[in-house]
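The next block holds one structure in the form of structure tokens; read it before the comments.
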Amino acid sequence: MSPVRLKLQSASLSSAACVAANFMLAPNLLKFTFRTSVFTSVYRNIPVRDSIPVAERRYMSHQPKRLCTENMSGKRIGTHNGTFHCDEVLACFFLHQLPEYKDAEIVRTRDPTELAKCDIVVDVGGEFDPKKHLYDHHQRTFSETFHSLCPEKPWVTKLSSAGLVYLHFGRRVLSQLTSLKEGDRQLEVLYDKLYENLVEEVDAVDNGISQYDGEARYAVSTTLSARVGHLNPRWNSKSQDTEEGFHKALGMVGAEFLHRVDFYQNSWLPARVVVEGAVQTRKQVDPSGEIVVFSQGGCPWKEHLFSLEKELSVDTSIKFVLYPDQNGQWRVQCVPAGLHTFNNRLSLLEEWRGVRDDALSELSGIPDCVFVHAGGFIGGNKTKEGALEMAHRTLQGAAKSPSKHTNCS
């Protein structure tokens, strides 16, 4: 019996999901839209050549199955056949973004003879050896993490094939997708962010690592790994052939990854630049260095502020952020004690909380006050100078009686 081959068709997209993905990617000057459209269309409408009858395909064939492209490069990516998972699908997607594997054939098999013919093997074969381009993680001796292979990185989740390929090729993948050069600081920031916010999750799910100890309060069943899993044949389907589902999964994880790259490059990174500029010039705003000002509102700042304080070795923690709101007035917002807490490093003065407008101006002695929230975490003033003075007065009050104002919710 000859191996089953699947031929890629460059048909136009007909899936509403793919169209939606294109709209999500639109901001990046059509680059990601085009890549997603072509990539997703490649892995749809997949007729089987040299196919065998459905009755014979009811159970998984041991014959290697190959995905072929119109312009074969001669390169082959090996992975296992049968039930597929998000990690090897994502690993294959990463490799397809590189020039040397752009048109590579994906061979899905567990036959060692066939795998030995491949240029790179992921998630099968029982060996991890980057010099030989072997990236499996199932062997008993494997316990590698990002931190163990790159000690300068903090993540200690056991790697799957997705994480292994991303660790070794991720910077090149991102360079291809963003046009940022390897060695660019922004590329390294993206590299870290995409591992922490996408790939690490795939690693953990594939290795059966829980997010926390104890019983979950509710189920999360819509993760990328779960959605990939649902593309496998159902247990009672007449056909157990996994090829079509595997290539639908390639399109899905590809669109997801491209959307994340587009968001982090064109929204998240620019926000980081704004926050970094404000942090570096904070002492021009106030000599204490505890107040930063953003010239534009709406910029997501909390995550960047915490990481930049560490990166820039900020000695005195920042307490307040000022920015204009949509009405042209100014807000003074307290910096929380951490990303996942409602406690503040320093809350606005207790006697101001819940007071508004003229009553607040009279109480504080600061003109043009608008409000202070009852929780003390945010206030408003009609002018930038007024908002800055609200922050100043709070700092002065904390200096006189520190225990009264710090770590309030």
Fill in: Those residues that, when tested against His147, pass ring-ring contact (aromatic ring centres under 6.0 Å, His included) (two or more places apart)
none
Discussion item. Run the salt bridge (charged side-chain N to carboxylate O under 4.0 Å, His left out) test against Arg272 and tell me which residues pass, sequence neighbours left out.
Written reply: Glu311
Worksheet item: Does any N or O in the side chain of Asn344 come within less than 3.5 Å of the main-chain N or O of Leu346, such that one atom is a donor and the other an acceptor?
Response: no
Discussion item. As a quick check of understanding, evaluate side chain to side chain contact (heavy atoms under 4.5 Å, CB included) for Thr109 and Val124, giving each step before the final call.
Written reply: CA-CA 9 Å; Thr109 183; Val124 70; over 6 Å; no
Fill in: Glu188 and its salt bridge (charged side-chain N to carboxylate O under 4.0 Å, His left out) partner, picked from Lys181, Lys193, Lys153
Lys153
Worksheet item: Below 4.5 Å, heavy atoms only, C-beta onward: do Glu256 and His259 meet side chain to side chain?
Response: no
Worksheet item: Do Arg331 and Asn381 come within less than 4.5 Å of each other through their side chains, counting heavy atoms only?
Response: no
Discussion item. Between Glu243 and Arg108, does any side-chain N to carboxylate O distance fall below 4.0 Å?
Written reply: yes
Worksheet item: Hey, does the side chain of Thr281 reach the backbone of Gln284 with a donor-acceptor pair shorter than 3.5 angstrom?
Response: no
Worksheet item: Side chains of Lys319 and Cys334: does their closest heavy-atom pair fall under 4.5 Å?
Response: no
Worksheet item: Within 45° of the six-membered ring axis of Tyr191 and under 6.0 Å from that ring's centre, is NZ or CZ of Arg171 located there?
Response: yes
Worksheet item: Would you call Trp352 and Met390 a side-chain contact if the rule is heavy atoms closer than 4.5 Å?
Response: yes
Worksheet item: Sub-3.5 Å donor-acceptor pair from the side chain of Asn207 to the main-chain atoms of Asp203, do we have one?
Response: yes
Worksheet item: Backbone N or O of Ile318 within a donor-acceptor pair of the Glu309 side chain at under 3.5 Å?
Response: yes
Worksheet entry | Ile366 side chain reached by Ser361 side chain, heavy atoms, under 4.5 Å | no
Item to complete: Could you please spell out the steps behind the side-chain hydrogen bond (donor to acceptor under 3.5 Å, both in side chains) verdict for Gln333 and Tyr323?
Response: CA-CA 8 Å; Gln333 185 169 350; Tyr323 55 87; 2.7 Å; yes
Discussion item. Taking Glu290's backbone N and O only, do any of them form a donor-acceptor pair with Arg282's side chain (distance below 3.5 Å, no angle check)?
Written reply: no
Discussion item. If we ignore hydrogens and angles and just use 3.5 Å, is the side chain of Ser237 paired with the main-chain N or O of Gln240 as donor and acceptor?
Written reply: no
Worksheet item: Who are the ring-ring contact (aromatic ring centres under 6.0 Å, His included) partners of His85, not counting sequence neighbours?
Response: His80
Worksheet item: Checking side chain to side chain contact (heavy atoms under 4.5 Å, CB included) for the pair Asp192/Trp155: CA distance, chi angles, key distance, verdict?
Response: CA-CA 10 Å; Asp192 289 352; Trp155 307 291; 3.6 Å; yes
Discussion item. Strictly distance-based, threshold 3.5 Å: is any side-chain N or O of Asp87 a donor or acceptor partner for the main-chain N or O of Ser160?
Written reply: no
Could you list the donor-acceptor pairs under 3.5 angstrom formed between side-chain atoms of residues 367-377 and any protein atom two or more places apart in sequence or on another chain?
from, atom 1, to, atom 2, distance (Å)
His373, ND1, Gly375, N, 2.8

Fill in: Parallel, tilted or perpendicular: ring planes of Phe128 versus Phe142, cut at 30 and 60 degrees
perpendicular
Worksheet item: Sub-3.5 Å donor-acceptor pair from the side chain of Thr145 to the main-chain atoms of Ser148, do we have one?
Response: yes
Discussion item. Treating Asn266 as the side-chain partner and Asp262 as the backbone partner, does any N or O pair qualify as donor plus acceptor under 3.5 Å?
Written reply: yes
Worksheet item: Does a side-chain N-to-carboxylate-O contact under 4.0 Å join Glu114 and Lys117?
Response: yes
Practice prompt. Answer yes if the ring centres of Tyr101 and Phe94 are under 6.0 angstrom apart, and no otherwise.
Written response: no
Discussion item. Thr79 vs Glu88, test: side-chain hydrogen bond (donor to acceptor under 3.5 Å, both in side chains). Steps then yes/no.
Written reply: CA-CA 7 Å; Thr79 190; Glu88 80 266 16; 5.0 Å; no
Worksheet entry | All ring-ring contact (aromatic ring centres under 6.0 Å, His included) counterparts of Phe84, not counting sequence neighbours | Phe246
Response to the item:
residues 261-283 vs ring pair (Phe, Tyr, Trp, His ring centres under 6.0 Å), sequence neighbours excluded, gives Tyr264-Trp268, Trp268-His304
Worksheet item: Ignoring hydrogens and geometry, is there a side-chain-to-backbone donor-acceptor pair from Glu201 to Asn197 under 3.5 Å?
Response: no
Discussion item. Does either side chain, that of Asp241 or that of Ser239, offer a donor lying less than 3.5 Å from an acceptor on the other one?
Written reply: no
